[in-house]
Visitor: 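This is the structure, below, for whatever I ask next.
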Amino acid sequence: MTLARVHGRIEELFALSPGKNGGASRPAFSRAEARAMLLVAAWAREAGLEPSVDPHGNLWCLPPGDAPCVTSGSHVDTVPGGGRYDGPLGTVLAVEAASRAGGGRGVLVCAAEEASRFGAGTIGSRSMTGKLSEGDLSRLRDTGGLDALTARAEYLDALGGLPRLRSAPLERVSSHVEVHIEQRAALRDKGLSLGVATTIAGPVRHGLRFSGEVAHAGETPASERRDALCAAAETVLLAEELGRRCAPETTATVGTLEIHPNSLTSIPGTAKLGVDIRGVRPGGARRLLEELLDGARKAADRRGVYLEEGQISASEPTEMDGAMVAAVEEACARLGVRCGRCVSFAGHDAQHLAAVVPSALLFVASENGVSHAPGEAVAEEDVEAALGVLCLLMESPRGEPSVMLRGLR
Ligand SMILES: [Zn+2]
């Protein structure tokens with residue numbers, strides 16, 4: 001199989017809207033995401049599919065008629081200065097596999113997958129599966145203050161040339177498979193080309209606000225200080241310690257810190273932390289959070305600091321469909337592709353689609369573990385392996401059910 005068309009299309013998407021650091025910048029619900037969707041729609045049309053867009057902004061390229069079909073696809077939005085493979089790899093491979101299957105297979109590209117613009121990701125897939133409402137979207141804002149609902153309306157206008165569906169045609173999807181570049185380098189270390197996800201972690205996100213007292217950095221004795229930042233700092237280090245202790249099933253990260261007045265000569269009066277905890281075992285993230293909050297309360301008490309806390313979001317891990325995992329493994333075995341089971345700590349559209357249709361998430365080994373940066377890299381042979389497996393999963397050359405559908409019987 002020649003992969004020239006696959007690589008050519010990945011480069012075409014990459015070149016659409018260059019970012020400052022030599023990467024690609026196609027923010028969620030932007031004109032750049034719309035341009036990428038239109039390009040994919042044109043390729044799908046060439047493959048005999050009929051492109052259209054649902055009210056949530058997702059691109060559907062389905063075969064003519066109304067028969068159920070196997071779909072594949074990923075996303076085409078990026079983080080600022082993102083790489084060429086995160087999203088486009090799975091999207092371009094889906095178009096290629098659908099075109100090689102000669103009809104009867106569909107492509108689904110989910111909108112606004114990256115969380116970098118609105119602080120919430122997988123917006124398209126969560127909206128179409130009923131996990132995000134229009135009210136939720138109107139409360140999500142980017143740094144310019146624009147809400148996701150308005151951004152989506154502008155994005156849909158930019159897709160004006162495509163037929164608009166009244167609702168997402170999920171009833172036509174018999175099963176779905178998403179291919180994605182791995183976001184660490186675990187598969188390469190094990191000598192594997194592909195990984196099939198058995199579980200996708202559920203993130204629990206929490207905000208903590210420590211309130212002490214602003215005072216003079218020089219004139220306030222140590223015994224009289226109520227330093228909010230010191231209480232927050234203890235909590236940051238506790239999150240690190242708990243994350244180490246609970247590895248590899250659970251991760252804990254403090255990703256944001258805001259202090260007030262943020263002045264070199266003042267003892268910080270308030271410190272706000274944002275915590276992200278992810279677990280692949282049910283209840284794991286919640287248990288780590290409880291332990292972290294307990295430690296944060298003790299640190300606050302000891303320092304005479306007041307602590308307020310609030311949930312930003314919480315979800316449980318998603319178990320992927322066992323029959324779909326088996327179907328992927330069967331296809332890999334048939335083609336002699338080295339594939340192993342894995343878990344994903346990053347969120348993906350396939351985990352939300354899994355709630356409504358049997359879904360699989362397939363990772364292509366990363367060459368270097370780089371993710372969300374221009375250095376993302378995959379080996380030619382692993383892309384070829386992924387395309388072969390995807391074709392087998394989507395094909396039914398003589399009308400017999402595909403491996404994927406048989407796996408579900
Ligand atoms: Zn992605």
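For ligands, and for the atoms within them, numbers begin at 1 and follow the listed sequence. Heavy atoms only: backbone and side chains are in, while hydrogens, waters and symmetry mates are out.
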Visitor: Taking Thr235 for its side chain and Ala231 for its backbone only, find out whether a donor-acceptor pair lies under 3.5 Å.
Guide: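 Yes, Thr235 side chain to Ala231 backbone: donor-acceptor pair under 3.5 Å.
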Visitor: Return all protein N, O or S atoms below 2.8 Å from the Zn ion (ligand 1), chain by chain in residue order.
Guide: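 The answer is His75 NE2, Asp86 OD1, His180 NE2.
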Visitor: Do the side-chain N and O atoms of Thr71 and His176 include a donor-acceptor pair separated by under 3.5 angstrom?
Guide: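 Yes, because at least one side-chain N or O of Thr71 sits under 3.5 Å from a partner of the opposite role on His176.
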Visitor: Would you check if Glu46 and Ser99 make a side-chain contact, meaning some heavy-atom pair closer than 4.5 Å?
Guide: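 No. Closest side-chain heavy atoms not under 4.5 Å.
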Visitor: Could you check, using the six-membered ring where one of them is a Trp, whether His180 and His75 have ring centers closer than 6.0 angstrom?
Guide: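 Ring-ring flag for His180/His75: true, centres closer than 6.0 Å.
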Visitor: Apply salt bridge (Lys or Arg N to Asp or Glu O under 4.0 Å) to Arg188 and Glu367, showing your working.
Guide: CA-CA 7 Å; Arg188 171 69 55 247; Glu367 280 280 85; 2.9 Å; yes
Visitor: Look at the side chain of Ser266 and the backbone N and O of Pro268, then say whether any donor-acceptor pair between them is shorter than 3.5 Å.
Guide: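 Checked: no pair found.
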